[in-house]
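For clarity, every value in this text was computed on a predicted model and none was experimentally measured. Throughout, protein chains are lettered first and strands after them, A, B, ... in sequence-line order, and every chain is numbered starting at 1.
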Amino acid sequence: MSLIEIRDLHKQFKGNVVLDGIDLAIEQGNVIGIIGPSGTGKSTLLRCLNQLEIPEKGFLKLQDKEIDLSSRKNKKEILELRQNTGMVFQQFNLFERKTALENVEEGLLVVQKKSKEEAREIALEELRRVGMTAWANHYPRHLSGGQQQRVAIARALAMRPKLLLFDEPTSALDPEMVGEVLDVIRQIAAEGYTMLLVSHEMAFVRNVSNRVIFIDKGVIVEDGTPGQVFHYPQNDRTKEFLAKMHMLEMEPEYSI
Amino acid sequence: MTKLFDFKQVFTNIPELMEYLPITLELALLAMLIGLVLGLLLAIIKIKEIPVLKQLAAFFVSIIRGTPVLVQLYIVYFGVPMFCKYLNQRFGTSLAVASIPGFAYAVLALGLNSSAFSAEMIRSALMSVGKGQLEAANALGMTYGQALRRIIIPEAMTVALPTIGNSLISSIKGTSLAFTCAVVELTAQGKIIGGRNYRYFEVYCSLAIIYWLVTIVIEQILKIVERKLAIPEQVENFAEQQDEAQMGDGI
């Protein structure tokens, strides 16, 4: 049985259709790379999954429980869904007035109601995992973009989510910091976390994910292993998109 | 012949006036507190665009901003007892109108007044906190209330602090009208002293000095608070026990 099943997800912004019927079954241990042209709803898909956006239509099945994503009334289910998913944002979105350690502790204390000692222990463990222990006392404004993103990843991991959502985690970073964040994500993927990864780093997606979906104009047009999607794409739009991307990758400064 | 201006009197008035400083401060702080709490409520109503309440809030703010404090004090001082009497007659309740001290009316009126002015300032402070932080809090599974309390308000506080200081200062000066509600505070006592010895000008000079000094003290306190709330420029690296610190090096 799938870990999470998404059925018939539709979302539009003022008549502009962004998601046009997405069906996706996510299996335990899937590391799904989501690729596609800009503005095709990759980020919106992630944001609908944890209800940062409310779609017009769509259902999600988590642990035999069906949740109507389009409803605004199911506050309890939404909170539960959010507690089961961890989100890493493009702009990091760390809490500005909290230290790295407090950022990671926050959800543990407020949402999971853990004791101070326990929260601190988990937070330090997660900071160590992303290599940020030495910076635990620092505030986000003291940290570089890459460091902030690593703390944000630790914050998401600390909640022990069933599903991790990465929304273009390296798009806002200076090129020399992309590597450190990708290394952390690679390490997490290797540990068996289930995750959805929206990224424009094609080579990275190909390496780290075990399943790739290509979204264009709000629908999934290709779904397969990285080998299938990158080397033997079936759909013309996928071919076209990859051709453009490969052209970019020819240039040496884009290599990872 | 008596002196035109009794310089000494200005200072000899001060000790007697100072006895009433606590009342002035109490009035100002309580009014300020009501103002902030109610102002926060109004701000949230406006941000969340709650129907009906939103219109009521806008109506309330419009009335308060469109009328002088003095008139508001009179309206509360006379209006609330009349309303209580009406309730007593209509529903047979026994609200003891006469036992409500003037102080309560003054706090209520000044608090309502300050809330209308605080609302916009609090709203802009809340809006200044990046939307991303609220999303991050939501993504962790926090409710709006938790996010507000833990993330948004603490950060908005630092943004709003200078304006909160301003409104505290204006609320202190607003208390000088509380005599309207039969509350004897600084200015009221000054008028009483003036009535006693006809040295009105001297006593108003004493009052000016006291209010000015109080404001200076508040400004200094605010500066200290601001410095306390600021995120430090430099922080020491975190060091656990030796062995753990080494494990933390690198990825």
Side-chain angles (χ1 to χ4, degrees), chain A residues 46-47 50-52 75 78-103 106-112 124 127-142 150 152 155-156 158-159 161 165 167 180 183-184 186-187, chain B residues 48-51 125-162 164 225-251:
Chain A
L46 296 197
R47 293 169 59 83
N50 66 2
Q51 296 270 285
L52 289 178
K75 289 230 164 81
I78 291 174
L79 286 181
E80 199 185 318
L81 179 62
R82 282 175 173 166
Q83 285 168 31
N84 278 310
T85 54
M87 180 93 167
V88 176
F89 298 87
Q90 186 176 349
Q91 300 290 346
F92 334 128
N93 292 352
L94 288 182
F95 305 132
E96 304 282 336
R97 291 199 53 79
K98 295 189 184 294
T99 63
L101 184 67
E102 288 165 350
N103 260 282
E106 187 65 15
L108 299 168
L109 293 172
V110 179
V111 178
Q112 298 187 350
L124 281 173
L127 283 176
R128 189 173 306 128
R129 196 206 294 256
V130 298
M132 288 293 295
T133 313
W135 301 87
N137 284 336
H138 289 249
Y139 287 86
R141 69 141 75 142
H142 301 138
R150 278 148 66 193
R155 178 174 68 179
M159 303 295 284
L165 308 169
D167 185 8
E180 59 183 88
D183 281 341
V184 169
R186 194 193 317 268
Q187 175 199 333
Chain B
K48 295 290 258 179
E49 304 200 332
I50 303 168
L126 291 177
M127 303 279 274
S128 77
V129 180
K131 196 171 156 248
Q133 292 188 59
L134 178 60
E135 285 192 345
N138 283 336
L140 285 175
M142 289 186 180
T143 61
Y144 184 68
Q146 285 171 331
L148 211 56
R149 189 166 49 84
R150 302 276 311 181
I151 311 293
I152 313 274
I153 292 180
E155 193 174 337
M157 269 290 281
T158 49
V159 179
L161 200 65
I164 289 178
V225 174
E226 216 165 313
R227 221 174 300 142
K228 276 257 158 72
L229 284 179
I231 295 170
E233 284 300 323
Q234 298 263 306
V235 195
E236 296 255 317
N237 273 11
F238 179 82
E240 277 181 285
Q241 289 99 19
Q242 205 69 46
D243 53 326
E244 284 183 342
Q246 273 168 0
M247 277 170 64
D249 284 344
I251 300 164

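Each of B:Thr158, B:Ile231, B:Asn237 has some count of heavy-atom pairs under 4.5 Å with chain A, and the biggest count is that of B:Ile231. Considering only heavy-atom pairs separated by less than 4.5 Å from chain A, the leading option among B:Lys131, B:Gln146, B:Glu155 is B:Glu155. Top candidate by heavy-atom pairs under 4.5 Å with chain B, chosen from A:Met159, A:Glu96, A:Gln83, is A:Glu96. Comparing B:Glu135, B:Gln234, B:Met142 by heavy-atom pairs within less than 4.5 Å of chain A, the highest count is held by B:Glu135. Contact tally against chain B (heavy-atom pairs below 4.5 Å) for A:Leu79, A:Val110, A:Leu127, A:Thr85: the top residue is A:Val110. Chain B forms the most heavy-atom pairs under 4.5 Å with one residue out of A:Ala136, A:Ala100, A:Ala152, and that residue is A:Ala136.
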Let's go through A:Phe95 and A:Arg155 carefully: what are the C-alpha distance in whole Å and the side-chain angles of both, what is the deciding distance for side-chain contact (heavy atoms from CB on, under 4.5 Å) to 0.1 Å, and is it a yes or a no?
CA-CA 11 Å; A:Phe95 305 132; A:Arg155 178 174 68 179; 3.5 Å; yes

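For B:Ile151, the part sitting under 4.5 Å from any heavy atom of chain A is the side chain, from C-beta outward, and nothing else. With a 4.5 angstrom heavy-atom cutoff, B:Glu236 touches chain A only via backbone atoms. Residue B:Leu134: no heavy atom, backbone or side chain, is found under 4.5 Å from chain A. No part of A:Leu165 comes within reach of chain B, as not one of its non-hydrogen atoms sits under 4.5 angstrom from that chain. Only the side chain of A:Lys98 comes within less than 4.5 Å of a heavy atom of chain B; its backbone N, CA, C and O stay farther away. A:Asn50 touches chain B through its side chain: at least one heavy atom from C-beta onward sits under 4.5 Å away, while N, CA, C and O do not.
Residues passing the salt bridge (Lys or Arg N to Asp or Glu O under 4.0 Å) test with A:Arg97: none are found, sequence neighbours excluded. Shown here are the side-chain hydrogen bond (donor to acceptor under 3.5 Å, both in side chains) partners of B:Glu226, two or more places apart in sequence or in another chain: there are none.
We find the CG-CG distance between A:Asp167 and A:Leu46 to be 5.5 Å, quoted to the nearest 0.5 Å.
Between B:Glu233 and A:Arg141, at least one side-chain nitrogen of the basic residue sits less than 4.0 Å from a carboxylate oxygen of the acidic one, meeting the salt-bridge criterion. Salt bridge A:Glu106/B:Arg150: present, at least one basic N to carboxylate O contact under 4.0 Å.
At distances below 3.5 Å, not a single donor-acceptor pair connects side-chain atoms of A:His142 with backbone N or O atoms of A:Asn137. A donor-acceptor pair under 3.5 Å is absent between the side-chain atoms of A:His138 and the main chain of A:Thr99, judged by distance alone.
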